[in-house]
There are 2 protein chains.
Amino acid sequence: MDVTIYEVAKRAGVSIATVSRALRGTGPVAAKTREKVLKAVEELNFTPSRLGVSLAEGRHAANGIVFPDLAGPYYTEVLLGYEEVASELGRSVVILSTKGRTKVNDLIKDLAGRVDGLLIFGHTVPEPLVAELVRLGVRLVFISREPLPGADTLRSENTASAHALAAHLTGHGYERFAFLGAPLTSQDDVDERWQGVRSALGGAIEAVPTREYTVDCGFEAARDLLGGRNRPEAIVCSDDEVALGALLAAEQLGLDVPGDVAVTGWDDIMAARHSRPALTTVRQPMRELGARAARALDELITGVRDTPRHLILTTELVVRSSCGHHPQEVST
Amino acid sequence: MDVTIYEVAKRAGVSIATVSRALRGTGPVAAKTREKVLKAVEELNFTPSRLGVSLAEGRHAANGIVFPDLAGPYYTEVLLGYEEVASELGRSVVILSTKGRTKVNDLIKDLAGRVDGLLIFGHTVPEPLVAELVRLGVRLVFISREPLPGADTLRSENTASAHALAAHLTGHGYERFAFLGAPLTSQDDVDERWQGVRSALGGAIEAVPTREYTVDCGFEAARDLLGGRNRPEAIVCSDDEVALGALLAAEQLGLDVPGDVAVTGWDDIMAARHSRPALTTVRQPMRELGARAARALDELITGVRDTPRHLILTTELVVRSSCGHHPQEVST
DNA sequence: TTGTAAGCGTTATCAA
DNA sequence: TTGATAACGCTTACAA
């Protein structure tokens, strides 16, 4: 955009203040004057410079979001909910993926300088930088991490779902379990899932870590696990993608799921419904997490609320066929 | 961020011009002076305001991207490639999803005012607005649409792949085909796929439109198609998601794929490898499309290049098991 | 109801 | 080598 408020003012024969007022409705403007201004705006195809507006208003009307990687449906879904609500609230969304980046701190600081508030996933941002951001007064909302002072946190319930899942598997009669995708960091969603399942199952479950929570890593780890001497009867996975990898590994080894080994996931991504067998999993409201994050951030930014809030959304056990045979077929 | 260049200048006992020079290395600064400045910057934890910098520099150091919806892996993958390269080039990425939005034009204009250039998918933006953006000199790159003057376009090859796919299916002996997800708009990827397949198959293929290119829509349309009197032997789908829906429909109807009906997709998304049966599809380099778009935009913005360029990336037929039985099993 | 002018936080030109 | 100062494009008291 090239034409400025000065040219509009000149053309309309008024001052720039009047143009601004007429356009924003922020002060009294005579009907006839408004007419002239709007006409000039129309003719010149004027759009106020975002930079000018932001500088004067002291706000960006934009939100940031920091995620490790966009691969996989989980982050995408959250992003979708976030962008939708942000847009409703008149805010753009600036994204930043940290995976494989050097100088993450610089990137995040730059991002923080472009927006009014930040949504951050789990422990994507180094703790010292988080502290600094809080100290600088940057509005922050975290998804999937433990509460901290000075920022909102938002997460899905994990422990109770883990217990429900464990109970369901126990009901199938399984006695030897493995947790595939054992947590690498503590304090995040996966760690809670692991703790929950373990506390319900006791010593009957073994932790099997994966490099990342991806299909490929799940595949590799499951191949070793299932090919080994001590095959578990049921594999509880950290999330659906790892579980899909496990399904693949089982197939390659000629094992039937759930006949030879049961497999469960977590999240309920699209592919969980389309895999064979369909995945038993725990559904978490990914899109809603994003939507709520956008609203929370807005509250923090506008000052409607100034004390941090820590919210936990409920989840739902989705029983499909990968965990064992059920008397009457369940479908979703 | 709160501290300005003035406070740094005062603390260092120099002028703001000197601070700016010292920080950007854009003019001569005495070693001792630089020291003082850096010290003050450090102590005050100063970061130049992005708004101030952008206003003075006359550039945003940010790119925009406009997509219909982020649901599904296609857009995500492209976005991933785009953001990665943009970040390398020192540019942030501002996203805009248009699906379900009223006042799309306003949103897009706002976005255009926040960035130095825009990546736009297909026909997401109304043609008159495209023309206006071109006229205003906004740098534009399109993915998956026909070339137009004043902007770069980038797409994957479709016609030859369609012919290859058709030939492969014909090789299986099929004679009655359906194209599921028939194009609603012309001039985009899906239309090219349809035209390509049809020109190879002649009258033997029937067009079956879907409301959207999603699993659910694919499912619905496929259910009607497969449940009808005139079941095709092979269903060529507009993309993998529609194909996954078709797979689901076949299963629900008790039909074996590929025994009773063959199904093929397009794109080669993650789920295509994990479905049962695994999808025969055409792989297009989604991430590379995004990466190239970012570079193209950068060339346009920096002025390294000023004539539009229209690029077509090659694709690859990926034969798996959903299209029929193969003598020796193919895997990917 | 309208205009003048002081910010907002930088960069960069031009003198000194 | 450094410092005033004029942009950059807007919003918004404050005066008129």
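Given the structure is predicted, the values throughout are model-derived calculations rather than measurements. Each chain gets a letter, A, B and so on, in the order the sequences are listed, and its residues count up from 1.
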ask   = Where do B:His123 and B:Glu146 land on the side-chain contact (heavy atoms from CB on, under 4.5 Å) test, with the steps shown first?
value = CA-CA 10 Å; B:His123 290 98; B:Glu146 78 280 9; 3.2 Å; yes
Indicate yes or no: does [X] engage [Y] in a salt bridge with an N to O separation below 4.0 Å.
{"X": "B:Lys99", "Y": "A:Glu83", "result": "no"}
{"X": "A:Lys39", "Y": "A:Glu43", "result": "yes"}
{"X": "A:Glu127", "Y": "A:Arg145", "result": "yes"}

May I have the distance from [X] (atom [atom1]) to [N] (atom [atom2]), rounded to whole angstrom?
{"X": "A:Arg34", "N": "C:dT1", "atom1": "CZ", "atom2": "P", "value": "10 Å"}
{"X": "B:Glu7", "N": "C:dT10", "atom1": "CD", "atom2": "C1'", "value": "14 Å"}
{"X": "B:Lys32", "N": "D:dT2", "atom1": "NZ", "atom2": "C1'", "value": "15 Å"}
{"X": "B:Tyr6", "N": "C:dC8", "atom1": "OH", "atom2": "P", "value": "9 Å"}
{"X": "B:His60", "N": "D:dC8", "atom1": "NE2", "atom2": "P", "value": "15 Å"}
{"X": "B:Leu23", "N": "C:dT10", "atom1": "CG", "atom2": "C1'", "value": "11 Å"}
{"X": "B:Lys36", "N": "D:dT1", "atom1": "NZ", "atom2": "P", "value": "14 Å"}
{"X": "B:Arg59", "N": "C:dT11", "atom1": "CZ", "atom2": "P", "value": "12 Å"}

Examine [N]: is either OP1 or OP2 under 4.0 Å from a nitrogen or oxygen in the side chain of [X]? Give yes or no.
{"X": "B:Ser20", "N": "C:dT10", "result": "no"}
{"X": "B:Arg24", "N": "C:dA12", "result": "yes"}
{"X": "B:Ser15", "N": "D:dG3", "result": "yes"}
{"X": "A:Arg21", "N": "C:dT1", "result": "no"}
{"X": "B:Thr4", "N": "C:dG9", "result": "no"}
{"X": "B:Thr33", "N": "D:dT1", "result": "no"}

Which nucleotide wins on minimum distance to the side chain of [X], given the candidates [options]?
{"X": "B:Pro48", "options": "C:dT10, D:dT11, C:dT2", "answer": "C:dT10"}
{"X": "B:Thr18", "options": "C:dT2, D:dG3, C:dT10", "answer": "D:dG3"}
{"X": "A:Val53", "options": "D:dT11, D:dT1, C:dT2", "answer": "D:dT11"}
{"X": "A:Leu55", "options": "C:dA12, C:dT2, D:dG9", "answer": "D:dG9"}
{"X": "A:Ala17", "options": "D:dC10, C:dG3, C:dA12", "answer": "C:dG3"}
{"X": "B:Ile16", "options": "D:dC8, D:dT5, C:dT4", "answer": "D:dT5"}

key: N/O donor-acceptor pair under 3.5 Å between A:His60 side chain and A:Ser92 backbone   =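 Answer holds: no.
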ask   = So do B:Asn63 and B:Ile301 actually touch side chain to side chain, heavy atoms under 4.5 Å?
value =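 Side chain of B:Ile301 against side chain of B:Asn63, heavy atoms only: contact under 4.5 Å found.
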inquiry  = Using heavy-atom distances to pick each residue's nearest nucleotide on DNA chain D, tell me which of B:Gly27 and B:Gly52 is more 5'.
reply    = B:Gly27
